[in-house]
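Notes to accompany the following structure.
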Protein chains: 2
Amino acid sequence: MSCNNILKAKGYRLTPQRRVILDILHHEGAHLTADALYEQVKDKVAGVDRSTVYRTLELLESLGLVVKAEIHGAHVYHHSEEGHHHHLKCRVCGKVAELPEESLEVLSKTLRDQYGFIADMHHHVITGLCPICSQAESTKH
Amino acid sequence: MSCNNILKAKGYRLTPQRRVILDILHHEGAHLTADALYEQVKDKVAGVDRSTVYRTLELLESLGLVVKAEIHGAHVYHHSEEGHHHHLKCRVCGKVAELPEESLEVLSKTLRDQYGFIADMHHHVITGLCPICSQAESTKH
DNA sequence: CTGGGTGCAAATGGTTTGCACTTCT
DNA sequence: AGAAGTGCAAACCATTTGCACCCAG
């Protein structure tokens, strides 16, 4: 079922603003900040307001159609149908590498078995040192 | 070496404000928000300003004496000598359980071996469903 | 036609900054 | 003495909210 239909099914209206926001989130592979999204929406719908973008994101998130995460200290959003994945963010150079979902499956199982905790294994951000920077770091002294 | 000495060694001054802030972070086991910390500092140093608290936290964090993390969408700080641990945060009831550092060691090793990535395995927050809520969730329908 | 959704403008809350004054060292 | 640190007030920035109008169903 498309997002549009999900919205309708739950009794929400499908306004031009929402259509455009969903559309952008669909086609934009990257993780957008609310502001970046607003900038794009502005070009397609004259006169949109930031508050509409925020309100829509909040709605979509509550419906599980959009995932909110934090990268670089900023909030980013992306469509939830994208393959789930995680990030390895380098504390030094700031580069972000992707990590397939499976990598955390062992952990997920451990938490479930030992603690009865069902972890949301979506879109984790793990900070640390990337290969390049860790090498630089260790040869420094 | 005590925090006080670390500050001095790096050429920073040891003011009453800083002394009190360090003291509170030392004795307070919990994770404090900047505001909660400010409230406590206020009682011991008349006329402190929030900005001083923020500036001090920034300094201490940059020296690695204090760790900043995000829980419940709020920024929290704690003294970095506390045993490293992680959190399991329930998305439904909001309760936070602690998780010993070792639990993530397998993951840490995997990342190092497969990606050459040295993860900062300090103070992670994993969101999901706690045993109680996950049970409630599954019996709901 | 009617209530959900929007734009607007103003408020919010947490954090940062410029500046003159104070205080460690 | 002199730079580092502070308090104060104002600025900031992302996000939220109240309200009157508007349009999707």
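So you know, we letter chains A, B, ... as the sequences are listed, proteins then strands, and number each from 1.
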Interface residues of residues 32-39 of chain A with DNA chain C (non-hydrogen, below 4.0 angstrom): none
Reported CD1-to-CG distance for the pair A:I126 and B:L111, which is rounded to 0.5 angstrom: 5.0 Å
Interatomic distance, B:L60 CG vs D:dG5 P [rounded to whole Å]: 11 Å
With B:L32, the side-chain contact (heavy atoms from CB on, under 4.5 Å) member among B:L25, B:L57, B:V66, B:V76: B:L25
Parallel, tilted or perpendicular: rings of B:H26 and B:H79 (30°, 60°): tilted
Presence of B:Y54 side-chain N/O under 4.0 Å of C:dT15 phosphate oxygens OP1/OP2: yes
Closest non-hydrogen atom pair, A:K10 against A:L63: CD-CD2, 3.9 Å
Ionic contact status for A:E39 with A:K42, cut-off 4.0 Å: yes
Test item: B:L59 and B:L7 side chains (from C-beta on) under 4.5 Å apart, heavy atoms: yes
Close side-chain approach of A:R112 and A:I118, heavy atoms under 4.5 Å: yes
A:K42 NZ to C:dG7 P, straight-line distance once rounded to whole Å: 13 Å
Axis bend over the full length of the helix from C:dT12-D:dA14 to C:dT25-D:dA1, computed from five pairs that close each end, to 10 degrees: 30°
Minimum-distance nucleotide (side-chain atoms of B:R18 versus C:dT6, D:dT16, D:dT6): D:dT6
Worked verdict on B:D49 versus B:S51 for side chain to side chain donor-acceptor pair (under 3.5 Å): CA-CA 5 Å; B:D49 192 76; B:S51 61; 2.7 Å; yes
OH (B:Y12) with more than 12 external heavy atoms under 6.0 Å: no
Rounded distance (nearest 0.5 Å) linking atom CZ of A:R18 with atom CG of A:D23: 15.5 Å
Annotated protein contacts, base or backbone, on nucleotides 20-25 of chain D with a non-hydrogen cut-off under 4.0 Å, one of B, S, - each: ---BBS
Between C:dC21 (P) and B:D49 (CG): distance, integer Å: 17 Å
Atom-to-atom span, CD of A:E58 to C1' of D:dA14 - whole angstrom: 14 Å
Distance below 4.0 Å between B:H75 side-chain N/O and C:dG14 OP1 or OP2: no
A:T52 side-chain N/O to C:dT6 phosphate OP1/OP2 under 4.0 Å: no
C:dC24 phosphate, OP1 or OP2, under 4.0 Å from B:Q17 side-chain N/O: no
A:R55 (side chain) and C:dG7 (base): donor-acceptor pair under 3.5 Å: yes
Whole angstrom value for the distance that separates P of D:dT6 from CZ of B:R50: 17 Å
Spacing of B:L99 atom CG and A:L107 atom CG [to the nearest 0.5 Å]: 8.0 Å
